Structures are given as structure tokens and as C-alpha cells.
Amino acid sequence: MSASTVSFEVPTPQGPRPVTVSYTRAGSGDPLLLLHGIGHHRQAWDPVVDILAAERDVITVDLPGFGVSPGLPDGLAYDLRTTTAVFGALCEALKLDRPHVAGNSLGGLLALELGREKLARSVTALSPAGFWTGAERRYAFGVLITMRRIAERIPLPLVERLSRTAAGRAALTSTIYARPSRRSPEAVVAETLALARATGFADTLRSGATVQFTDDIPDVPVTLAWGTRDWLLVPRQGVRAKRIIPRARLVRLPGCGHCPMNDDPALVARVILDGSR
């Protein structure tokens, strides 16, 4: 699926600043915006897009500074407030009237923030960030930094060679997938390169050091879903999230890792569709 780009202005205290975002759009029905996690790219959603597009107008986005979306202009921080403003402006530019929003990891946190700001008509958050203890956050950040360093330093021919075997794909991606052998060699190479080249990675991680999601979202339907084999943001964080957002539906994803879209596409698509009625 070929990508499009859209440019728009984001209001800031210093005046409007231009932002450009890469996205794809498929299907018909109510609009559904899909947001990926830190270091990933919109192709993380590829396993579920066709299923979702049968019932929704699906928009997958490369976050600014990730995938092929340019980084934010100087003067704009990679923090939650700015990124929420970016996606509010994106929805206006694409004429999306309060879309359903689903996100994974960082994208899940952004989806919840859009729901809190009443910019989403429903939210489905898959292993969202922001419900960690200090120790859990430090552990997750340490893992992410290690993954980034490996992706930056490993030669591309070695990545390509490893991607051709199930054991090699596990070595490269088992931190985020419970079933890495299901990921195609081409996808593994592409997401390793995406992690290595993500210009927004360091600033986004730095901004996340003080993030904690503490607000209820009483007026928007919320689904929280956690893979039972998520070793990055462990499943007990889902119980914590449910206490903060008591009306949310908390769903277990058996046998799934941190990025469950690849591990069980049919289940994840059903959870998103059920949560966006």
C-alpha cells in the first residue's frame, strides 16, 4: 500500500509551526486511526489492516520522527502535549471528525491522551505506556535503548541473513513479539532499519521519563488490552490501568507479546472492532 503525506500547522506559544506526516488509508466506514510505538513504524499494523478495513476507514500513521515521517521542526518538543496537538491538527487536515483511535505502546498512550482530550470517539490501547512503576519504566527504557543500539550497529547484510531464519527473526524481534517466526523476513529488515533511523527516538524517550497516566476517561469508551507474554510492559500494568480508568474494558490477549498485532491478528482486530462500535 503506497503512502501519502499531509502537511499542516500546529499551534504553539511561538505561533503555528509546519508538520508533515506520512500515512496510508484503506477501507470504508467509521474512521479508525492507528498509532504505533516508539522506534516502530506504521507497518506494525499491516497484519490487521485488511481485516479492519473491511469495516472501518483505516488510517495508519508514521509518528513524527519515525518511519518516513520527518521529525518535528525546531522548537517543538517530542512530549505528550505536543504530540497530542499534532494529532489533533492531523485529524483536522484529514477531515476526521473524532475518529476511533487504537494505539500500541507509545501509540496506546497517545490514544488515551486523545480520548482524555475528547478528540477520539473511542480508544483501544494495546499495552499502553504510562502505567509503570519507576522500576518498570527504567527496565523498559533500558531494553529499548539496547534494541536501538543493536539496530544502529548491526550491519544490514547480517540483518538480512538473520531475517531469513526463524531463529534469526527471534534474535532480532523476540523482545516485542511472542511469535517472531510469523513476521516476514522483509518486515523484520524494514523494522530494524526503522528503529535504527528513527530521528525522534532519543527525544521521545527522554520526554517519556516523567510520563505517568493518572486521569480517568469517563466520557469515551476505552478498551485496554495486554498480551500475556508482554515482557516489555508487563501485564500487571493493565490491572493498574483499569484502576485508573475503571469503566474501561480490560482484555487479555493470550500468547501475545508487546506488539500483539503480529502474534494474533484475528484476535487483535476483533478487540479493536468491538471497542470501536
Side-chain angles (χ1 to χ4, degrees), residues 1-6 21-37 40-63 66-69 87 90-91 93-115 119-128 176-179 182-184 186-187 190-191 194 217 220-227 230 238 248-277:
M1 187 186 305
S2 61
S4 302
T5 59
V6 59
V21 165
S22 177
Y23 71 98
T24 60
R25 196 164 187 172
S28 60
D30 288 343
L32 170 63
L33 182 65
L34 302 180
L35 306 177
H36 63 76
H40 227 149
H41 55 177
R42 68 178 184 276
Q43 289 89 340
W45 295 99
D46 282 356
V48 298
V49 165
D50 287 347
I51 306 172
L52 296 173
E55 300 185 39
R56 300 285 184 273
D57 173 14
V58 180
I59 304 97
T60 59
V61 179
D62 278 332
L63 273 60
F66 297 93
V68 295
S69 286
F87 282 104
L90 170 70
C91 289
L94 295 180
K95 295 181 171 53
L96 304 177
D97 181 20
R98 292 187 72 228
H100 301 287
V101 184
N104 173 225
S105 196
L106 168 64
L109 172 62
L110 294 173
L112 290 167
E113 188 68 13
L114 289 168
L119 296 173
R121 69 180 77 176
S122 76
V123 171
T124 302
L126 311 175
S127 294
I176 58 173
Y177 300 128
R179 296 161 180 157
R182 294 187 176 183
R183 201 74 171 138
S184 74
E186 297 77 15
E191 62 194 15
I217 308 177
V220 174
V222 174
T223 298
L224 305 163
W226 243 274
D230 186 342
R249 180 177 64 129
L250 179 59
V251 179
R252 294 172 70 254
L253 304 174
C256 290
H258 183 63
C259 297
M261 303 84 76
N262 180 76
D263 290 327
D264 195 335
L267 173 60
V268 170
R270 178 46 52 198
V271 168
I272 293 172
L273 291 171
D274 287 348
S276 59
R277 297 296 179 194

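Positions are given from 1, in the same order as the sequence printed here. If you're wondering where the values come from, they're calculated on a predicted model, not measured in any experiment.
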Colleague: Can you tell me how the ring of H36 sits relative to the ring of F66, calling it parallel under 30°, perpendicular over 60° and tilted otherwise?
Modeller: perpendicular
Colleague: Closest approach of V271 and R249, non-hydrogen atoms and distance?
Modeller: O-NH2, 3.1 Å
Colleague: Distance from C259 atom SG to R183 atom CZ, nearest 0.5 Å?
Modeller: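 One finds 8.5 Å between SG of C259 and CZ of R183.
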Colleague: Of all residues at least two apart in sequence or in a different chain, which pass the side-chain contact (heavy atoms from CB on, under 4.5 Å) check with L96?
Modeller: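 Partners of L96 by the side-chain contact (heavy atoms from CB on, under 4.5 Å) criterion, ordered by chain and then number, come out as R25, P31, I59, C91, L94, P99.
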Colleague: Do the side chains of L110 and F87 get nearer than 4.5 Å, heavy atoms only?
Modeller: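 Side chain of F87 against side chain of L110, heavy atoms only: contact under 4.5 Å found.
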Colleague: Test S127 against N104 for side chain to side chain contact (heavy atoms under 4.5 Å, CB included), laying out the working first.
Modeller: CA-CA 6 Å; S127 294; N104 173 225; 4.3 Å; yes
Colleague: Applying side chain to side chain contact (heavy atoms under 4.5 Å, CB included) to S69 and S22, what does each step give before you reach the verdict?
Modeller: CA-CA 5 Å; S69 286; S22 177; 3.6 Å; yes
Colleague: Can you check whether D264 reaches L253 side chain to side chain, under 4.5 Å on heavy atoms?
Modeller: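 No, every pair of side-chain atoms sits at 4.5 Å or beyond.
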Colleague: Can you check side chain to side chain contact (heavy atoms under 4.5 Å, CB included) on V268 and L126, steps first, answer last?
Modeller: CA-CA 9 Å; V268 170; L126 311 175; 3.9 Å; yes
Colleague: List the atom of W45, the atom of L35, and the distance in Å for their closest heavy-atom pair.
Modeller: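 Answer, listing the atom of W45 first, then L35: CZ2-O, 3.2 Å.
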Colleague: Using the side chain to side chain contact (heavy atoms under 4.5 Å, CB included) rule, take R42 and V49 through it: C-alpha gap first, then chi angles, then the decisive distance, then the call.
Modeller: CA-CA 10 Å; R42 68 178 184 276; V49 165; over 6 Å; no
Colleague: Identify whether the distance between the nearest side-chain nitrogen and carboxylate oxygen of D30 and R56 falls below 4.0 Å.
Modeller: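 Between R56 and D30 there is no salt bridge, as every charged N stays at least 4.0 Å from the carboxylate O atoms.
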Colleague: Of all heavy-atom pairs between A194 and H41, which one has the smallest distance, and what is that distance?
Modeller: CB-ND1, 3.7 Å
Colleague: Just how far is it from atom OG1 of T124 to atom NE2 of H100, taken to the nearest 0.5 Å?
Modeller: 9.0 Å
Colleague: Minimum heavy-atom separation for I51 to A269, with atom names?
Modeller: CG2-CB, 3.6 Å
Colleague: Find out whether L52 and L34 are in side-chain contact, i.e. whether some heavy atom of one side chain is under 4.5 Å from a heavy atom of the other.
Modeller: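 They are in side-chain contact.
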Colleague: If we count only N and O atoms by modelled type, under 3.5 Å, do the side chains of S276 and S122 hold a donor and an acceptor together?
Modeller: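 Distance-only check fails for S276 and S122.
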Colleague: For P254 and R179, which heavy atoms make the closest approach, and how far apart are they?
Modeller: O-NH2, 4.1 Å
Colleague: Between L90 and V61, is there a side-chain heavy-atom distance shorter than 4.5 Å?
Modeller: yes
Colleague: Grab the two heavy atoms, one from A102 and one from A111, that are nearest each other, plus how far apart they are.
Modeller: C-CB, 4.4 Å
